[in-house]
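This report refers to the structure that appears directly beneath it.
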Number of protein chains: 2
Amino acid sequence: MKNSEEDKDLSFDYDFLDKLVVGIGEVSQITKIATRQIRYWEEKGIIKSLTEEEGKNRRYDYKNIKKMLLIKELLDEGYTLDASAEKVKNRLEMIEETLTKIKKGNH
Amino acid sequence: MKNSEEDKDLSFDYDFLDKLVVGIGEVSQITKIATRQIRYWEEKGIIKSLTEEEGKNRRYDYKNIKKMLLIKELLDEGYTLDASAEKVKNRLEMIEETLTKIKKGNH
DNA sequence: TCATTAATTGTAATTTATTTACAATTTTAA
DNA sequence: TTAAAATTGTAAATAAATTACAATTAATGA
């Protein structure tokens, strides 16, 4: 069947996710978290953007966005910000491990 | 094994790709195509950004970025811009079909 | 209840990034 | 060599993001 061709196009996406960088406005659009709140979380040390220099626009990667989405979920469940951040840590490590494995497998 | 948990986190990513929006600066960072060139391709009708209103910043989705990456490859192979765009069309349709299938499967 | 900390939100002034538009340059192919 | 295709340059205007200082709104324990 022709599925192999389609799969080839999609298997690439782990590389894509790896290269992905997004500005704060887009993160806000994607996650539905206000830019003001994202900056606040960063101020508190919960997340860390990839900003190259002070004053330049913030950049976020896949892992960052993932983290924000997970934190948002936990906040909605009633956890505090710090507790959410702590809980999310473990899941993120798992995601990263998996990505690493997949990347190694594909090269 | 604990793979099922990790997979759960990653299977979500098709939804993520579906929601993804990126500005022109980030597209340029991701694809290594100059912003000037991206605007030129758009001017020529090769790609279409999701700009809401004239004058507002351009927004691109996953499919757009994918298209640019493919076009870039074909240009490097020696195809003209129009020929590249034409060739890329088919592969994009396949990608879209696959994404649609996967999405349907997950809900 | 009241005080305290956590969490969030507001916004002015400034800076960075993007847009449009007009033009110039380089490349390609007949 | 000429014409069309492809790309690049940039000034002026606009949009979006930054920082910093402040205010407001929960949430919680004494």
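Below, chains carry the letters A, B, ... as their sequence lines are ordered, and counting in each starts from 1.
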Rounded distance in Å - [atom1] ([X]) to [atom2] ([N]):
| X | N | atom1 | atom2 | value |
| --- | --- | --- | --- | --- |
| B:Asn57 | D:dA15 | CG | P | 9 Å |
| B:Leu75 | C:dT26 | CG | P | 20 Å |
| B:Leu81 | C:dA29 | CG | P | 13 Å |
| A:Glu53 | D:dT18 | CD | P | 14 Å |
| A:Arg58 | D:dA17 | CZ | C1' | 8 Å |
| B:Tyr79 | D:dA5 | OH | P | 20 Å |
| A:Asp82 | C:dA6 | CG | C1' | 8 Å |

What is the bend of the helix from C:dT1-D:dA30 to C:dA30-D:dT1 when you compare the axis at one end with the axis at the other, using five pairs each and rounding to 10°?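 Comparing the first five pairs with the last five, the axes sit 40° apart.
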Pairing residues for B:Arg59 by the salt bridge (charged side-chain N to carboxylate O under 4.0 Å, His left out) criterion, not counting sequence neighbours: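 B:Arg59 satisfies salt bridge (charged side-chain N to carboxylate O under 4.0 Å, His left out) with A:Glu26 only.
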So if I take every side-chain heavy atom of B:Lys56 and compare against C:dA17, D:dA15, D:dT7, which nucleotide ends up nearest?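 Minimum distance to the B:Lys56 side chain belongs to D:dA15.
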Rounded distance [0.5 Å steps], [atom1] in [X] versus [atom2] in [Y]:
| X | Y | atom1 | atom2 | value |
| --- | --- | --- | --- | --- |
| A:Leu20 | B:Ile30 | CG | CD1 | 4.5 Å |
| A:Lys72 | A:Gln37 | NZ | CD | 9.0 Å |
| B:Tyr60 | B:Thr31 | OH | OG1 | 10.0 Å |
| B:Tyr14 | B:Tyr62 | OH | OH | 8.5 Å |

For A:Thr51, what residues pass the side chain to side chain contact (heavy atoms under 4.5 Å, CB included) criterion, not counting sequence neighbours?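 In terms of side chain to side chain contact (heavy atoms under 4.5 Å, CB included), with neighbours along the sequence ignored, A:Thr51 is linked to A:Glu42, A:Ser49, A:Lys56, A:Arg58.
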Apply side chain to side chain contact (heavy atoms under 4.5 Å, CB included) to B:Ser28 and list each qualifying residue two or more places apart in sequence or on a separate chain.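 Only B:Thr35, B:Ile38 meet the side chain to side chain contact (heavy atoms under 4.5 Å, CB included) criterion with B:Ser28.
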Minimum heavy-atom distance B:Lys87-B:Leu74, with the two atoms named: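 Taking B:Lys87 first and B:Leu74 second, the nearest heavy atoms are CB-CD1, 3.7 Å.
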Check A:Leu92 against A:Lys66 and note the closest heavy-atom contact, atom names and distance.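 Scanning both residues, the minimum pair turns out to be CD2-CB, 4.3 Å.
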Would you say A:Arg59 reaches D:dT18's phosphate, i.e. side-chain N/O to OP1/OP2 under 4.0 Å?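 Checking A:Arg59 against D:dT18: no side-chain N or O falls below 4.0 Å of OP1 or OP2.
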Pull out every residue in residues 22-46 of chain B that has a heavy atom closer than 4.0 Å to any atom of DNA chain C, ordered by number, or say none.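 Residues of residues 22-46 of chain B under 4.0 Å from DNA chain C: B:Ile24, B:Gly25, B:Arg36, B:Arg39.
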For the side chain of B:Lys67 and the backbone of B:Ile46, is there at least one donor-acceptor N/O pair under 3.5 Å apart?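 Side chain of B:Lys67 to backbone of B:Ile46, a donor-acceptor pair under 3.5 Å: yes, one is there.
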Measure all distances between protein nitrogen or oxygen atoms and nitrogen or oxygen atoms of nucleotides 26-30 of chain D, and list the pairs falling under 3.5 Å.
none

Please tell me if the side chains of B:Leu17 and A:Leu17 come closer than 4.5 Å, counting only heavy atoms from C-beta onward.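 Yes, at least one pair of side-chain atoms sits under 4.5 Å.
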